[in-house]
Amino acid sequence: MALPESTYERLRATDCADEIAYVRACLRLYFAGPAASAGETWTPGLSDAVVTDIARLNKVGTFVLKALSRTPGHERPAELFQWLETYRRRTVSMNAACLMDSMAIHEALLDRRIDFVFLKGPFQQHLLYDDHFMKPSGDIDILVSPAGFLKAREALGSIGYEVSGKSRSVWWVRFLGEQHMIRGKGSKSSTVDLHYRLQQPGSPSPRDADGFLRRKRLVEITGAEVPFTSAADTLMLACISVAKALFNREPCAGYVCDIRASASRLGHADQQRVLDAAVSQGLEDTLLLGLRAADVLLGGTGTLLSSRAKPILARMGTEHRLNMVSAPWLSSRRWPQRRTVLWELCGRAPVRYLSEAGWAASADISRRIFERPAGP
């Protein structure tokens, strides 16, 4: 969902180009590997508050912390480093609770023999970074088939989850293909995003979402094996998340980091299989968009996937592409029209474009009708 405009007010009111560059340099240092030690020099005048805002909105605080941990102690900005350590501790607490809730959900769905797969979250972080606590995970994302959606909702209800009022509407269930379910209140609450679709209207959806269920792998956690997306599908879902974030004009450097981490684990033959699978799903350009975003933000890698992704967004300047990914509040007046992005992601195929555009228009009408704020 799009972030409220108030989120960006302080950032829009400042010239934060240097702070944005600092965060990007830290991300590149992180992905350069443990042998890299030369980081971006902290210079007087950089704002701790602005850097933390950028890191928080992009969910990359722990990446920045780990990058700065490689620099000599006297070169680290003390206040920023302290904030990042606090951010890390909060992430550990949040994700530990998420893991415990995930295991309870796994047991409930397994008992009902419901086919499902976990998406993103601490499981993915461990697979990509050998660390369950790289990014804060406030929600637990689960994918089921359309036929299993109601059964899964009932199973979650049996362990105390209730459908959030805002996600009961036609727009949520029919067009987004998901519902929020919440258990408990306040700091002890737990939220599940129950999906049977994998993309919002306005960007191409997978032709075969059930394939993500068929290709799942088992991941061991606390002595149990839980279903998670395959390596190729993990990359594809990160690219779908970037396309969704660009549509909503949200910062998405955290997803871009997932793309780089996923792609770096694929050999040449695996990369070709990912491309072939994306073509069969109608998501080739969505995949290439995400890969190009990773190359622009983190530096190109010279792989097969990077070479194929170069033409995407080629008409935009590098700085503008960087801002689209990590600082959209700076490029809000220069964004391409959403229909232009959809046209590109549909491979400039008229029939596909008209189908997706019609679906998006229907969703927008439904949202205007069913998501209107309540009257006085």
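Predicted model, so just to flag it, every value in this text is computed and none were measured. In this chain, numbering begins with 1 at the start of the sequence shown.
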Between [X] (side chain) and [Y] (backbone), is there a donor-acceptor pair under 3.5 Å?
X: R168; Y: V163; answer: yes
X: W172; Y: K166; answer: yes
X: R217; Y: T229; answer: yes
X: Y196; Y: V173; answer: yes
X: R249; Y: P328; answer: no
X: S264; Y: R260; answer: yes
X: R70; Y: Y30; answer: yes
X: Q199; Y: I240; answer: yes
X: S93; Y: R90; answer: no
X: E19; Y: S47; answer: yes

Basic-acidic side-chain contact under 4.0 Å: [X], [Y]:
X: K216; Y: D115; value: yes
X: D131; Y: R88; value: yes
X: K135; Y: D258; value: yes

Does [X] [atom1] have over 12 foreign heavy atoms under 6.0 Å away?
X: E225; atom1: CD; value: yes
X: R113; atom1: CZ; value: no
X: R215; atom1: CZ; value: yes
X: F116; atom1: CZ; value: yes
X: R174; atom1: CZ; value: no
X: R265; atom1: CZ; value: yes
X: K151; atom1: NZ; value: no
X: Q82; atom1: CD; value: no

Is any side-chain heavy atom of [X] closer than 4.5 Å to a side-chain heavy atom of [Y]?
X: P227; Y: L213; answer: no
X: L27; Y: C257; answer: yes
X: L304; Y: L275; answer: yes

(request) Only one of V50, T52, I54 passes side-chain contact (heavy atoms from CB on, under 4.5 Å) with V23; say which it is. (result)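 Filter result, single survivor: I54.
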Side-chain H-bond candidate by donor/acceptor type, [X] with [Y], under 3.5 Å:
X: N58; Y: S326; answer: no
X: S137; Y: Q125; answer: yes
X: R352; Y: S355; answer: no
X: S167; Y: S164; answer: no

Rounded distance (nearest 0.5 Å) linking atom [atom1] of [X] with atom [atom2] of [Y]:
X: M94; Y: D139; atom1: CE; atom2: CG; answer: 9.5 Å
X: I140; Y: F118; atom1: CD1; atom2: CZ; answer: 7.0 Å
X: L29; Y: L298; atom1: CG; atom2: CG; answer: 11.5 Å
X: W343; Y: E356; atom1: CH2; atom2: CD; answer: 13.0 Å
X: L65; Y: W83; atom1: CG; atom2: CH2; answer: 10.0 Å
X: L198; Y: L176; atom1: CG; atom2: CG; answer: 12.0 Å

(message) Quick one, C16 with W329, criterion side chain to side chain contact (heavy atoms under 4.5 Å, CB included). Give me CA distance, side-chain angles, the key distance, then yes/no.
(response) CA-CA 11 Å; C16 52; W329 56 88; 3.6 Å; yes
Minimum heavy-atom separation for [X] and [Y], please, with both atom names.
X: L283; Y: P206; result: CD1-CG, 3.7 Å
X: A232; Y: V274; result: CB-CG2, 3.7 Å
X: L345; Y: S203; result: CD1-OG, 4.3 Å
X: Q271; Y: L305; result: OE1-N, 3.1 Å
X: I159; Y: A104; result: CD1-O, 4.0 Å

(request) Give the ring-plane orientation class for F175 versus W359, where under 30° counts as parallel, over 60° as perpendicular and anything between as tilted. (result)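 F175 vs W359 ring planes: tilted.
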(request) Mind running side chain to side chain contact (heavy atoms under 4.5 Å, CB included) on V64 and V51 for me, showing each step along the way? (result) CA-CA 10 Å; V64 176; V51 171; 5.5 Å; no
(message) Whether R338 engages the ring of F247 as a cation-pi pair (distance to the six-membered ring centre under 6.0 angstrom, angle to the ring normal within 45°) should be assessed.
(response)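 Yes, a cation-pi geometry.
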(request) Take H132 and N95 through the side chain to side chain contact (heavy atoms under 4.5 Å, CB included) test and state the conclusion after the steps. (result) CA-CA 7 Å; H132 289 99; N95 289 16; 5.6 Å; no
(request) Not counting sequence neighbours, which residues clear salt bridge (Lys or Arg N to Asp or Glu O under 4.0 Å) with R273? List them please. (result)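 Applying salt bridge (Lys or Arg N to Asp or Glu O under 4.0 Å) to R273 gives D270.
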